Amino acid sequence: MTEFRYERNKETIKDYLKTVMFRDNTANKVLLISLAVCLIVVAAAGVVYSVITGSMGMIAITVTAVVLAAVYPVIFMVVINRLTVKLSQGGAADEKGITIGVSESNILLLRNNNPCGKIEWSEITGIHEGKSGLYLIEKEGSLIILGKDSVASGTYDEAAQVIRIKKAALPKEA
């Protein structure tokens, strides 16, 4: 069993947000690529139209498309940073001393080394793997963050191997 300290680490929260918004989300990737292609087409069309007709009016549209293309990623990063700060703040006193034990049979919750809860793998509905950790989503919507830097005992690689096997066994979304 690998044990992880329960932490609200900004790095792992930001990694989770980026993972579910971009890396593991095909729809978002398609939308972002479509937006980029549209902005490039509009900018190129504005330049071509301006050169062909000698009109400077389309340059304004080209500039607008370029500004949007530059500002859009900045807006995403600001939103992700604000969410990260909001989600990492606080933490109730009852969150102190909690450890999450990951084994092949279940996920055990420990408070000051005493069992205080158990989550069966059948209760996990989603698993994401990011650069900073593993993220499990419970059927009630709770997120379990298992950060690489939060390992209390065992190894991250052991837990990752177990979780990857469990992820492969999850039903595929339609």
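It should be emphasised that the depicted structure is a prediction, and the values quoted were computed from it without experimental measurement.
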Check: [X] side chain, [Y] main-chain N or O, donor-acceptor pair, under 3.5 Å:
X	Y	answer
Arg111	Gly97	no
Ser88	Asn9	no
Arg5	Ile98	no
Asn106	Lys118	no

Same hydrophobic cluster for [X] and [Y], using side-chain heavy-atom links shorter than 4.5 Å among ILVMFWY?
X	Y	value
Val47	Val67	no
Met21	Val78	no
Ile137	Ile100	no
Tyr156	Met1	no
Ile165	Ile163	no

To the nearest 0.5 Å, tell me how far [X] [atom1] sits from [Y] [atom2].
X	Y	atom1	atom2	answer
Asp149	Phe4	CG	CZ	10.5 Å
Lys148	Thr12	NZ	OG1	12.0 Å
Ser122	Lys166	OG	NZ	9.5 Å
Thr84	Glu11	OG1	CD	11.0 Å

So, using side-chain contact (heavy atoms from CB on, under 4.5 Å) as the criterion, who are the partners of [X] when residues are at least two apart?
X	answer
Val48	Ile52
Lys167	Ile127
Ile119	Ile107, Leu109, Glu123, Ile124, Glu138, Ile144

Which heavy-atom pair separates [X] from [Y] by the least distance, and what is that distance?
X	Y	answer
Gly154	Val151	O-CG1, 3.4 Å
Ser132	Asp15	N-OD2, 2.8 Å
Leu108	Gly117	CD1-O, 3.3 Å
Val20	Asn25	O-CB, 3.3 Å
Arg8	Leu87	NH1-O, 3.5 Å
Glu7	Ser150	OE1-OG, 2.6 Å

- [ ] Verify side-chain contact (heavy atoms from CB on, under 4.5 Å) between Tyr135 and Leu143, making sure each step is shown before the conclusion.
- [x] CA-CA 7 Å; Tyr135 311 103; Leu143 174 65; 3.9 Å; yes
Task: Residue list, side chain to side chain donor-acceptor pair (under 3.5 Å) with Asn81, at least two apart or on another chain - done: Lys14
TODO: Given side-chain contact (heavy atoms from CB on, under 4.5 Å), test Met77 with Lys18 step by step and report yes or no.
DONE: CA-CA 9 Å; Met77 292 313 299; Lys18 288 179 179 179; 3.8 Å; yes
Open item on the list: Pair Trp121, Val162 - check side-chain contact (heavy atoms from CB on, under 4.5 Å), show working.
Closed with: CA-CA 11 Å; Trp121 282 107; Val162 168; 4.2 Å; yes
Task: Enclosure of Glu104 CD (heavy-atom neighbours >12, cutoff 6.0 Å) - done: no
Atom pairs and distances, side-chain donor-acceptor, residues 29-46, under 3.5 Å, sequence neighbours left out:
from: Lys29; atom 1: NZ; to: Arg23; atom 2: O; distance (Å): 3.0
from: Ser34; atom 1: OG; to: Val30; atom 2: O; distance (Å): 2.8

Task: Pairs touching residues 42-68 that satisfy side-chain hydrogen bond (donor to acceptor under 3.5 Å, both in side chains), sequence neighbours left out - done: none
